[in-house]
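Heads up, the thing below is written out as structure tokens.
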There are 2 protein chains.
Amino acid sequence: MKYSLSEENYLKAIYHLEKIAATGVATNAIAEQMETKPSSVTDMVKKLSEKKLVNYIKYQGVTLTEKGKKTALTIIRKHRLWEVFLVDKLKFHWDQVHEIAEQLEHIHSEELITRLDKFLGEPDFDPHGDPIPDKDGNIKRTEKKLLSDLNKNQGGVCVGVKESSPEFLQYLDKKKITIGTKIKVLGKEFFDGSMVILVGKDQSFISKKTAENLYVQTN
Amino acid sequence: MKYSLSEENYLKAIYHLEKIAATGVATNAIAEQMETKPSSVTDMVKKLSEKKLVNYIKYQGVTLTEKGKKTALTIIRKHRLWEVFLVDKLKFHWDQVHEIAEQLEHIHSEELITRLDKFLGEPDFDPHGDPIPDKDGNIKRTEKKLLSDLNKNQGGVCVGVKESSPEFLQYLDKKKITIGTKIKVLGKEFFDGSMVILVGKDQSFISKKTAENLYVQTN
DNA sequence: ATTAAATTTTAGATAAGACTAAAATATTGT
DNA sequence: ACAATATTTTAGTCTTATCTAAAATTTAAT
């Protein structure tokens, strides 16, 4: 099935938001990500729902169906493969390629992507270290990382702690962080390594020391 | 300036039609090329005219302005460079690449094309033998070819004859062909090499012998 | 537990690009 | 030259994706 530019971008946005959302993805969150208005999101989400790409119940947010997730992952696959091409072959800097890959990811041709993948040596990660899904949408899991190693706007799921003193665990408890909690880095201070993170719907401030003792899995 | 997908496709179509049109390009011709309706063409042509990309006088067809021609040539440049990429690097067959290049030609990034061009070794011709305009829209002229070497849908300008007997020249005269006449191959018979060609607005039938004695310049 | 505030949805409008049907203009044949 | 034919344009409609303003619903606060 072939989807419009707009539909593809919505699916991608919902996929990324779902990774760090406790519940269904909010209309407002999608609107912000897409730089559009909530009413436009409602319209599009209805359309995606009719096409069985998302589950949608009025006022209760959106989740991707299996079909939707698979579609999102093929777009992400294309995006990341093109980024590898731009950096490895065309010698772009890794921080210059996002905008161009945003366009290239919408080129429709399976054969093209198959050949591009081969040409690039079937890479597992893009130039930012994000994993490249295979043609069926399977992602090679990254090793767990310390939260302190994530950069702004990266997100992950808490999978463990380095230090496990009761004091630290109780502190995490107070911060509403436990195994399986989705975390996104909203900001990172350069001089002291402290972070503002998103935990569920709430912002939270954590020190470098805390971030260095929390394992997350990105994807 | 950045133009829409549709605007870019119209400019490209008009460019190709102008090469083989004696007069301004007809609304109907554009409609046929674009697989759309004449009324849609009129609408778009008005818009292109407002943007100073074409000269348009009601009922009298369209020609590209300098600005329009330059824009068309940058799109053609992108199309042909991507075709080289697809064939040389991704090992596509030269007859599989057109559709994909039709999509890739609309990616907006000067830097991308500059780097792609360098990566490909600054090629002068695409896999079909068509010349690749440089970044300023200059085309490296092809050597003159025999009309008999053109394939269906290729066009060119008559630049000379191989045989110059008065009989042949008089015959060409009767066929309304002279130096500077634009010719397009509409059909080519396999078994005897005869052709149906477009001369100005009229179709004409010519034998293999005639086609083998007429030089054309393609571009 | 109500009210206030925030979020989400609905209703109606707009712009781009395309379409149909009908009107206007050009071209052609005799 | 003028009627018949072909081409082109106009007028009005449709679809997709957006928007604003107002109504509906949920969440939060006292």
Side-chain angles (χ1 to χ4, degrees), chain A residues 1-14 17-18 21-51 53-63 75 102-103 106 108 176 198-203, chain B residues 1-14 17-18 21-51 53-63 75 102-103 106 108 176 198-203:
Chain A
M1 216 43 37
K2 231 158 98 175
Y3 301 105
S4 77
L5 186 71
S6 205
E7 288 169 335
E8 291 193 352
N9 283 331
Y10 272 95
L11 288 175
K12 207 168 38 119
I14 295 167
L17 290 166
E18 206 174 34
T23 164
V25 179
T27 302
N28 254 5
I30 299 171
E32 198 176 325
Q33 177 92 3
M34 298 286 298
E35 295 183 7
T36 182
K37 303 289 168 183
S39 54
S40 309
V41 174
T42 302
D43 288 346
M44 179 55 87
V45 150
K46 280 182 185 167
K47 194 163 64 147
L48 295 176
S49 178
E50 270 161 28
K51 296 188 180 186
L53 292 162
V54 302
N55 304 116
Y56 170 59
I57 307 170
K58 270 199 219 180
Y59 294 103
Q60 299 195 195
V62 191
T63 56
I75 301 160
E102 289 282 297
Q103 296 180 62
H106 301 292
H108 291 291
K176 305 278 187 202
L198 194 68
V199 179
K201 298 189 64 156
D202 303 313
Q203 285 193 196
Chain B
M1 217 42 39
K2 230 157 102 175
Y3 302 105
S4 76
L5 187 70
S6 205
E7 289 170 334
E8 291 193 353
N9 283 331
Y10 272 96
L11 289 175
K12 206 168 41 120
I14 296 167
L17 290 166
E18 205 174 35
T23 163
V25 179
T27 302
N28 254 5
I30 300 171
E32 197 177 326
Q33 177 93 2
M34 298 285 297
E35 297 184 0
T36 182
K37 302 290 167 180
S39 54
S40 309
V41 174
T42 302
D43 288 346
M44 179 55 88
V45 150
K46 279 181 186 168
K47 195 164 64 147
L48 295 176
S49 178
E50 268 161 31
K51 296 189 179 185
L53 292 162
V54 301
N55 304 115
Y56 170 59
I57 306 170
K58 268 198 220 180
Y59 294 103
Q60 299 194 196
V62 190
T63 56
I75 300 161
E102 289 282 298
Q103 297 179 61
H106 301 291
H108 292 291
K176 304 278 188 205
L198 195 67
V199 179
K201 298 189 64 155
D202 304 313
Q203 286 194 196

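What you see is a predicted model; the values in this text were computed from it and never measured. Below, read A as the first sequence line, B as the second, and so on, with proteins coming before strands; counting in each chain starts at 1.
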To the nearest angstrom, how far is A/E50 atom CD from D/dT16 atom P? 11 Å
Separation of D/dT15 P from A/E7 CD (nearest whole Å): 16 Å
Measure from CE on B/M34 to P on C/dA18 and round the result to the nearest Å. 6 Å
What is the nucleic acid contact for B/T27, judged by heavy atoms within less than 4.0 Å: base, sugar-phosphate only, or nothing? sugar-phosphate
Distance check needed: D/dT9 P versus B/K58 NZ, whole Å only. 8 Å
Sugar-phosphate, base or nothing in reach of A/S6, heavy atoms under 4.0 Å: sugar-phosphate
Would B/K12 and B/E102 pass as an ion pair if we require N to O under 4.0 Å? yes
Separation of atom CG in A/D43 from atom P in C/dT9, rounded to whole Å: 10 Å
Donor-acceptor check, side chain of A/Q60 to backbone of A/G24, threshold 3.5 angstrom: yes or no? no
Any N/O donor-acceptor pair, B/S39 side-chain to D/dT8 base, under 3.5 Å: no
Residue-phosphate contact under 4.0 Å: A/Y3 side-chain N/O, D/dT16 OP1/OP2: no
Starting from P on C/dA24, measure out to CD on B/Q60 and report it in whole angstrom. 19 Å
Length of the OH-C1' vector between B/Y59 and C/dA23, whole Å: 8 Å
B/Y10 side chain N/O closer than 4.0 Å to the phosphate oxygens (OP1, OP2) of C/dA18? yes
Quick check against the 3.5 Å criterion: does B/T42 have a side-chain atom that pairs as donor or acceptor with the backbone of B/P38? yes
Which distance, rounded to the nearest 0.5 Å, do you find between the OH of B/Y10 and the CG of B/L17? 12.0 Å
Are B/E7 and B/K2 within salt-bridge range, i.e. N to O under 4.0 Å? no
Mind checking if B/T36 touches a base, just sugar-phosphate, or nothing, with heavy atoms under 4.0 Å? sugar-phosphate
Taking 4.0 Å as the cut-off, does a side-chain nitrogen or oxygen of B/T42 come that near to OP1 or OP2 on D/dT9? yes
A/K46 side chain near C/dT10 phosphate (N/O to OP1/OP2, under 4.0 Å): yes
Return the value, rounded to whole Å, for the distance between atom CG of B/N28 and atom C1' of C/dT27. 13 Å
